[in-house]
Amino acid sequence: MTGTSNENSIGPAMKRMTIGIAALVVLTALLFFAAPDNFYPWAKAIHVIAVISWMAGMLYLPRLLVYHVDAEKGSVQSETFKVMERRLLRAIINPAMIVTWVFGLWLAWKGFGFQGGWLHAKILAVLLLSGLHGYLAGAVRKFAEDKNEKPARHWRMVNEIPTLLMIVIVILVIVKPF
Ligand code: HEM
């Protein structure tokens, strides 16, 4: 894959993401007006679908960075990793995070009036996850400029953080221990 085709390949990914978000907005509006009394479980379903997509990306991206460290700078393999990382971030992780937040906040307001220790702790954990998201977005930019200086071990350790946060978040929202 050449550098030029790598640049051009972002276009279709962004187009798909825009179409996906537009379809979601239309679907949400339809569900809201067709079944306003039953919208809460639909919103929860969309929230969980977005959560799964966000987590899939957050678990896969640092793994890609681990492999990327070992690819020689300027090699075909390294350029391919750049495209994979950028597409994963822009077409999946970013939109999935936005949808997770929008529906999560709506559920928190509608279902719980933003009350509950478990909910506050969950929001704190999701803020940490979002911070990690920002850190990974910065890492993708650094790798794209061949400026990463961190070893594979660092990215392997970073890879564990979303797993731990996910376990905490799921226990908080399902068990609601406090
Ligand atoms: C700030 C962002 C978020 C907020 C405000 C939020 C809030 C909520 C609320 C209020 C519910 C409904 C709970 C119920 O009806 O019992 C819910 C459901 C859920 N959330 Fe989130 N959430 C957020 C992000 C996340 C993330 C990042 C994950 C996973 C890593 C997650 C996993 C889930 C799951 C699995 C459910 C379904 C729980 C059930 O049906 O019992 N949420 N969320």
Side-chain angles (χ1 to χ4, degrees), residues 13-14 16-68 84-143 154-178:
M14 291 303 283
R16 275 200 301 277
M17 184 196 90
T18 312
I19 292 171
I21 295 227
L24 181 68
V25 170
V26 172
L27 174 73
T28 305
L30 282 176
L31 285 170
F32 187 76
F33 290 111
D37 297 337
N38 203 26
F39 186 66
Y40 189 88
W42 280 105
K44 192 147 78 167
I46 296 171
H47 177 67
V48 172
I49 292 165
V51 159
I52 291 170
S53 311
W54 188 21
M55 289 314 304
M58 291 290 286
L59 295 171
Y60 187 43
L61 185 54
R63 175 61 34 198
L64 275 179
L65 301 181
V66 170
Y67 297 135
H68 195 158
M84 292 168 76
E85 287 151 11
R86 209 164 38 196
R87 280 189 178 175
L88 186 63
L89 186 69
R90 294 194 190 172
I92 295 180
I93 303 184
N94 287 347
M97 180 193 68
I98 294 166
V99 176
T100 299
W101 267 100
V102 169
F103 282 85
L105 288 175
W106 186 83
L107 291 166
W109 166 70
K110 187 74 181 169
F112 303 90
F114 286 111
Q115 298 301 310
W118 66 272
L119 181 57
H120 300 154
K122 180 181 174 181
I123 291 176
L124 182 68
V126 183
L127 279 171
L128 292 175
L129 193 65
S130 304
L132 181 68
H133 181 141
Y135 177 71
L136 289 174
V140 167
R141 267 196 303 278
K142 273 206 177 137
F143 271 89
H154 170 82
W155 299 112
R156 230 175 253 122
M157 277 160 57
V158 168
N159 207 9
E160 303 305 328
I161 304 172
T163 312
L164 293 174
L165 286 172
M166 178 193 64
I167 292 168
V168 170
I169 292 169
V170 169
I171 291 173
L172 282 169
V173 69
I174 292 186
V175 181
K176 297 186 177 65
F178 47 86

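Indexing begins at 1, ligand by ligand and atom by atom, following the structure's order. In what follows, every heavy atom counts, from backbone to side chain, and hydrogens, waters and symmetry copies are set aside.
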Query raised in the report: What do you reckon, does Trp118 have a nitrogen or oxygen under 3.5 Å from a nitrogen or oxygen of ligand 1?
Result: no
Shell check on atom 21 (Fe) of ligand 1: protein N, O or S atoms less than 2.8 Å away are His47 NE2, Lys122 NZ
d(Ile98 CD1, Asn94 CG) to nearest 0.5 Å is 6.5 Å
query: Can you list the steps and then say if Phe33 with Phe39 is a side-chain contact (heavy atoms from CB on, under 4.5 Å)?
result: CA-CA 9 Å; Phe33 290 111; Phe39 186 66; over 6 Å; no
Heavy-atom closest pair (Asn159 atom, Leu59 atom, distance to 0.1 Å) is OD1-O, 3.0 Å
For Lys176, the ligand 1 atoms with a heavy-atom partner under 4.0 Å come out as 14 (C), 16 (O)
To the nearest 0.5 Å, atom CD1 of Ile93 lies from atom CZ of Arg87 at 14.0 Å
Kindly say whether Val173 contributes a backbone atom to a donor-acceptor pair with the side chain of Lys176 at under 3.5 angstrom?
yes
Heavy-atom proximity to atom 27 (C) of ligand 1, picking from Trp109, Phe103, Trp54, points to Trp54
Lys44 heavy atoms within 4.0 Å reach ligand 1 at atoms 12 (C), 14 (C), 15 (O), 16 (O), 39 (C), 40 (O)
among protein heavy atoms, the one nearest atom 41 (O) of ligand 1 is Ile174 CG1, 4.0 Å
Residues passing the ring pair (Phe, Tyr, Trp, His ring centres under 6.0 Å) test with His47, sequence neighbours excluded, are none
Can a side-chain donor-acceptor contact be found between His133 and Trp54 if the only test is distance below 3.5 angstrom?
yes
Rounded to the nearest 0.5 Å, the CG atom of Leu165 sits from the NZ atom of Lys122 at a distance of 12.5 Å
If we number the atoms of ligand 1 from 1 as shown, the ones under 4.0 Å from a heavy atom of Tyr40 are 12 (C), 13 (C), 14 (C), 15 (O)
Taken to the nearest 0.5 Å, the spacing of Met55 CE from Thr163 OG1 works out to 6.5 Å
